Participant: 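For reference, the structure I am asking about is given below.
Note that the coordinates shown come from a computational prediction; the quantities given were computed from them, not determined experimentally. For the numbers below, each heavy atom of this structure counts, side chains included, while hydrogens, waters and symmetry mates do not.
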Amino acid sequence: FKDIKTFFFHNTIYETVWEDPRRYTKAVQLEQFTRFDPETRLIFVGDASMAPHELMARNGTIYAFESSGKPSIDRLKDLSDLFPHTVWLNPVPEHAWGYTQTIQVIKSVIEMYPLSLDGLEKAVAHLTKK
């Protein structure tokens, strides 16, 4: 990698991601991502499982101090539009994805792959295609 940045979030993306895993002190506003090169490869890692309102409701965020008025799914869609080379790696076994509504919704806007050797291979192929 020429450059790698790691950010942390809980369940899904709202207005802010963090540079520290505790999500306490090093907040980064999502709008700063618009400054990144559109050829940036964006990789999410998480189970994509949460209460549906966290993903789809306006102000569905679990953070009391945050109220952007925009559903998280819209933020994820904006990011995938901004960065065409975006994937979501999911540690939940692929055969179980159909049982969780939020996995299905996220999968509809971001290419999702299982967090496995085969899934990583497919994700890398997606990230490197022109």
Participant: Looking only at side-chain N and O atoms, does E54 offer a donor or acceptor that is under 3.5 Å from a partner on Y14?
Facilitator: yes
Participant: State whether the side chain of T102 and the backbone N or O of P52 hold a donor-acceptor pair below 3.5 Å, judged by distance alone.
Facilitator: no
Participant: Would you compute the distance between atom CG of L55 and atom CD1 of I103 and round it to the nearest 0.5 angstrom?
Facilitator: 11.0 Å
Participant: Mind checking what makes side chain to side chain donor-acceptor pair (under 3.5 Å) contact with K26, not counting sequence neighbours?
Facilitator: none
Participant: Report whether L82 and I13 are members of the same hydrophobic cluster (ILVMFWY, side-chain heavy atoms less than 4.5 Å apart, transitive linking).
Facilitator: yes
Participant: Between N90 (side chain) and D47 (backbone), is there a donor-acceptor pair under 3.5 Å?
Facilitator: yes
Participant: Could you tell me if the side chain of E15 sits less than 4.5 Å from the side chain of R75, heavy atoms only?
Facilitator: yes
Participant: Is there a path of hydrophobic side-chain contacts, each under 4.5 Å between heavy atoms of I/L/V/M/F/W/Y residues, joining F8 to I43?
Facilitator: no
Participant: Please say which of N11, I106, V105, T12 ends up in a side chain to side chain contact (heavy atoms under 4.5 Å, CB included) with S72.
Facilitator: T12
Participant: Could you measure the distance from the CD1 atom of I110 to the CG atom of L76? Nearest 0.5 Å is fine.
Facilitator: 4.5 Å
Participant: How close do D81 and P84 get, counting heavy atoms only, and between which atoms?
Facilitator: O-CD, 4.3 Å
Participant: Look at the side chain of S80 and the backbone N and O of V109, then say whether any donor-acceptor pair between them is shorter than 3.5 Å.
Facilitator: yes
Participant: Write down the atom of L89, the atom of P114, and the distance for their closest heavy-atom approach.
Facilitator: CD2-O, 4.4 Å
Participant: Mind checking whether Q101 and Q104 have side chains closer than 4.5 Å, heavy atoms only?
Facilitator: no
Participant: Which atoms form the tightest heavy-atom contact between G46 and P91, and what is the distance?
Facilitator: O-CD, 3.3 Å
Participant: Spell out, yes or no, whether Y113 and V124 are grouped together once hydrophobic residues are joined by side-chain heavy atoms under 4.5 Å, including indirect joins.
Facilitator: no
Participant: Might you point out which heavy atoms bring G119 and S116 nearest each other, and give the distance in Å?
Facilitator: N-OG, 3.0 Å
Participant: Search all heavy atoms of H85 against all heavy atoms of H126 and return the closest pair with its distance.
Facilitator: ND1-O, 3.8 Å
Participant: Say you draw a straight line from CG of L127 to CD of E111; how long is it, rounded to the nearest 0.5 Å?
Facilitator: 10.0 Å
Participant: Would D78 and K70 satisfy side chain to side chain contact (heavy atoms under 4.5 Å, CB included), going step by step from the backbone distance to the final call?
Facilitator: CA-CA 11 Å; D78 291 346; K70 190 171 189 175; 2.4 Å; yes
Participant: Return the orientation label for the W88 and F9 ring planes: parallel under 30°, perpendicular over 60°, tilted otherwise.
Facilitator: perpendicular
Participant: Using 0.5 Å steps for rounding, measure from the CZ atom of F7 to the CZ atom of F44.
Facilitator: 11.0 Å
Participant: Working to the nearest 0.5 Å, report the span between OG1 of T86 and NZ of K77.
Facilitator: 10.5 Å
Participant: Going by the angle between their ring planes, with limits at 30° and 60°, are F33 and F83 parallel, tilted or perpendicular?
Facilitator: perpendicular
Participant: What distance separates T34 OG1 from Q32 CD, expressed to the nearest 0.5 Å?
Facilitator: 8.5 Å
